[in-house]
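In this text the structure is predicted, and so the values were computed from the model without any measurement. Per chain, numbering begins at 1; letters A, B, ... match sequence-line order.
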There are 2 protein chains.
Amino acid sequence: MGRTMPDNAIRPRKEFGKTIAADITHRLREEIVTCGLAPGEPLRFDVLRERFGASFTTLREALTALAAEGLVDAQEQRGFRVAPVSRQDLVEVTDARVLIEVELMRRAIQKGDDDWEIAVISTLHRLKRIEQRDPEHPLRDPEWKIAHRQFHQALVSACGSATLLAIRAELFDRAERYRHLSANFRPRPRDKAGEHQAIMQAAISRNADLAVQLIETHIRSTADNVAKYAGHLLETE
Amino acid sequence: MGRTMPDNAIRPRKEFGKTIAADITHRLREEIVTCGLAPGEPLRFDVLRERFGASFTTLREALTALAAEGLVDAQEQRGFRVAPVSRQDLVEVTDARVLIEVELMRRAIQKGDDDWEIAVISTLHRLKRIEQRDPEHPLRDPEWKIAHRQFHQALVSACGSATLLAIRAELFDRAERYRHLSANFRPRPRDKAGEHQAIMQAAISRNADLAVQLIETHIRSTADNVAKYAGHLLETE
DNA sequence: CGGACCACTATTTTCGAAAATAATAGCGGT
DNA sequence: ACCGCTATTATTTTCGAAAATAGTGGTCCG
């Protein structure tokens with residue numbers, strides 16, 4: 001314990017054992033992915049300092065990390081901005097996701113053990129529960145978002161490659177930003193529940209070809225929806 | 001120009017227009033990839049400060065960026081260290097490289113135009129020239145290293161996806177570190193020149209299946225060599 | 001009127017000191 | 001002697017001031 005820490009520290013500024021920088025990275029990523037910070041928006045230090053209550057250098061560290069993930073655009077000597085969106089980027093991200101996720105799905109189906117099956121089933125169960133509660137605007141519900149992420153994560157978790165899982169996670173975040181972008185304009189959510197159910201069944205029954213085909217359709221149709229309902233937001237460079 | 005900058009600034013501390021942090025990131029990456037900094041070695045700020053002549057926060061920013069690339073391991077509240085190596089990691093990196101590079105090779109062969117062909121041919125030409133000069137220890141020669149990287153980069157450059165190219169580049173660096181690890185123990189370089197020539201020819205003649213097969217063999221045999229001649233260095237962690 | 005140059009302002013980038021945390025050594029009780 | 005605890009030291013992490021750089025507007029000359 002530090003020798004000068006006062007006993008009356010009101011509340012922890014951050015999670016125990018984590019650095020402030022890591023915490024800010026987390027929060028900033030969340031804001032960017034959910035479009036709380038709009039694509040292309042400049043990230044000025046004064047503003048961030050006010051919003052996150054951290055100093056220049058700490059913020060800078062967080063921004064650098066997010067730049068490496070492709071969520072932030074670092075313009076040397078001219079600061080940072082939220083990574084811009086574009087049709088081209090959406091296509092690239094979708095394409096890369098299909099390539100990697102399809103491969104990981106195959107590997108997970110081949111390698112997955114009992115724990116994997118349980119994880120897939122239980123994460124889907126939770127997702128469905130949340131959807132029953134509020135079937136209108138799932139993307140607005142932070143709980144749905146987390147459950148949705150966890151279901152897709154569980155599906156491929158047994159693939160055996162931490163390296164590829166990390167890459168997949170980055171691409172997932174970048175794609176999620178596009179989903180949020182179109183969420184306000186999409187008239188009604190399509191039948192995601194049914195798709196998830198079908199993917200789960202194909203995976204558990206070890207039908208790799210079917211599971212892979214469903215996943216690919218799932219990813220591509222999501223991207224198509226974004227292009228359709230948020231196309232007007234994709235023209236700016 | 002800053003109002004207090006003295007006229008007698010001896011030499012630029014860094015390349016024009018780039019931040020010091022970006023410069024340090026570059027130099028640190030180089031040192032790690034070439035194993036000038038050994039895998040697992042702790043990266044203490046005093047030492048780095050001395051070696052690179054930058055301050056805490058600037059170094060921290062560079063380390064954070066490299067952590068996102070997988071070359072540095074950040075242990076919260078306990079500093080940074082060079083990412084450790086392991087048999088498992090080597091397998092994962094090799095696997096991921098094959099998956100991605102094979103796909104990019106196909107796309108490049110399908111999309112590549114005249115400029116692409118010229119880039120492939122000319123980068124291979126330079127590579128061969130350098131090999132003629134000093135056929136013994138190519139990995140020791142920084143020029144060979146650059147030319148080798150540029151040839152492989154040129155091969156896939158026409159794939160059309162900046163996203164996948166960035167991922168590929170990261171994996172290339174991580175693999176190159178393993179090559180350096182085994183360079184000191186490998187008795188003689190195998191016939192890389194011939195392999196490169198064959199890959200080039202298959203690519204230029206648009207024989208995708210052959211090119212892809214050669215690339216995969218090329219990547220896997222490199223990894224096998226590392227495991228064979230540097231296996232004793234992979235047991236830690 | 002236009003456009004190069006300069007002074008001034010806004011903003012980012014870097015630095016080293018200070019705070020927080022982890023690692024280590026020394027001490028006292030059982 | 002050995003374990004647990006506290007004081008000390010080593011190291012990382014954070015901060016805000018200061019330096020460097022980019023941006024802006026105004027002025028002077030052709």
Side-chain angles (χ1 to χ4, degrees), chain A residues 1-28 37 40-68 72-83, chain B residues 1-28 37 40-68 72-83:
Chain A
M1 182 80 35
R3 67 193 148 179
T4 53
M5 169 142 180
D7 284 339
N8 60 346
I10 308 301
R11 64 196 165 93
R13 293 194 48 182
K14 54 188 174 66
E15 231 175 293
F16 175 76
K18 295 184 66 176
T19 61
I20 292 181
D23 189 50
I24 303 263
T25 305
H26 209 79
R27 291 206 277 151
L28 250 172
L37 291 165
E41 183 174 341
L43 296 165
R44 295 225 189 73
F45 282 98
D46 314 357
V47 184
L48 297 176
R49 205 137 165 287
E50 176 125 6
R51 197 197 288 224
F52 293 99
S55 77
F56 296 113
T57 36
T58 306
L59 287 166
R60 182 156 246 278
E61 191 184 325
L63 290 169
T64 303
L66 292 172
V72 158
D73 187 21
Q75 308 165 284
E76 309 241 302
Q77 308 286 22
R78 299 203 284 138
F80 299 82
R81 59 174 178 167
V82 180
Chain B
M1 183 77 39
R3 66 195 149 180
T4 53
M5 170 145 179
D7 284 339
N8 61 348
I10 308 300
R11 65 197 163 93
R13 295 194 47 182
K14 55 186 174 67
E15 231 176 294
F16 175 75
K18 295 184 66 176
T19 60
I20 293 181
D23 189 51
I24 303 262
T25 305
H26 210 79
R27 292 205 276 151
L28 250 172
L37 290 164
E41 183 173 343
L43 296 165
R44 295 224 189 75
F45 283 98
D46 313 355
V47 183
L48 296 177
R49 205 139 166 284
E50 177 125 7
R51 198 196 286 226
F52 292 99
S55 77
F56 296 113
T57 36
T58 306
L59 287 165
R60 183 157 245 278
E61 190 184 325
L63 290 169
T64 304
L66 293 172
V72 157
D73 186 20
Q75 308 165 283
E76 309 242 300
Q77 308 285 23
R78 297 203 285 138
F80 298 82
R81 60 175 177 164
V82 181

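- Here B/Thr58 contributes atom OG1 and A/Glu61 contributes atom CD; the two are 11.5 Å apart, rounded to the nearest 0.5 Å.
- A/Phe80 comes within 4.0 angstrom of the backbone, heavy atoms only, and of no base.
- Computed from coordinates, the A/Asp23 CG to C/dT21 P distance equals 13 Å when rounded to whole Å.
- Here the P atom of nucleotide D/dA22 and the CZ atom of A/Phe45 are 15 Å apart, to the nearest Å.
- Here the C1' atom of nucleotide C/dA17 and the CG atom of B/Asp46 are 15 Å apart, to the nearest Å.
- Rounding to whole angstrom units, CG of residue A/Asp73 and P of C/dT12 are separated by 14 Å.
- Nucleotides of DNA chain D nearest to A/Arg78 and A/Arg49 differ in position, and the one nearer the 5' end is that of A/Arg49.
- Picking from D/dT14, C/dC15, C/dT12 the nucleotide with the shortest atom distance to the side chain of B/Thr58 gives C/dC15.
- For the pair B/Leu48/B/Ile24, no side-chain contact is recorded, criterion being any heavy-atom separation below 4.5 Å from C-beta on.
- Atoms CD and CD, from A/Gln75 and A/Gln77 in turn, are 11.5 Å apart once rounded to the nearest 0.5 Å.
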Q: Let me see the working for B/Arg51 and B/Leu37 under side chain to side chain contact (heavy atoms under 4.5 Å, CB included), right down to the final yes or no.
A: CA-CA 12 Å; B/Arg51 198 196 286 226; B/Leu37 290 164; 3.4 Å; yes
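- Taking five base pairs at each end of the helix from C/dC1-D/dG30 to C/dT30-D/dA1, the local helix axes there meet at an angle of 10°, rounded to 10°.
- In this structure, the CZ atom of A/Arg81 is 14 Å from the P atom of C/dT12, given to the nearest Å.
- The side-chain tip of B/Arg60 does not point at the ring of B/Phe45 from less than 6.0 angstrom away and within 45° of straight on.
- Comparing A/Glu76 and A/Phe56, the nucleotide of DNA chain D nearest to each residue sits closer to the 5' end for A/Phe56.
- If you measure from atom CG of B/Leu43 to atom P of D/dT11, you get 14 Å, rounded to the nearest angstrom.
- Looking at heavy-atom distances under 4.0 Å, A/Thr57 makes contact with a base.
- Closest approach of A/Leu59 and A/Ala54 over heavy atoms only: CD1-O, 3.7 Å.
- Comparing C/dT13, D/dT11, D/dT13 by their closest approach to the side chain of A/Gln77 singles out C/dT13.
- Rounding to whole angstrom units, CD of residue A/Gln75 and P of D/dG23 are separated by 9 Å.
- Atom CZ in B/Arg60 sits roughly 17 Å away from atom P in C/dG16 (whole-Å rounding).
- The two residues A/Ala21 and A/Ala62 make their nearest non-hydrogen contact at O-CB, 4.1 Å.
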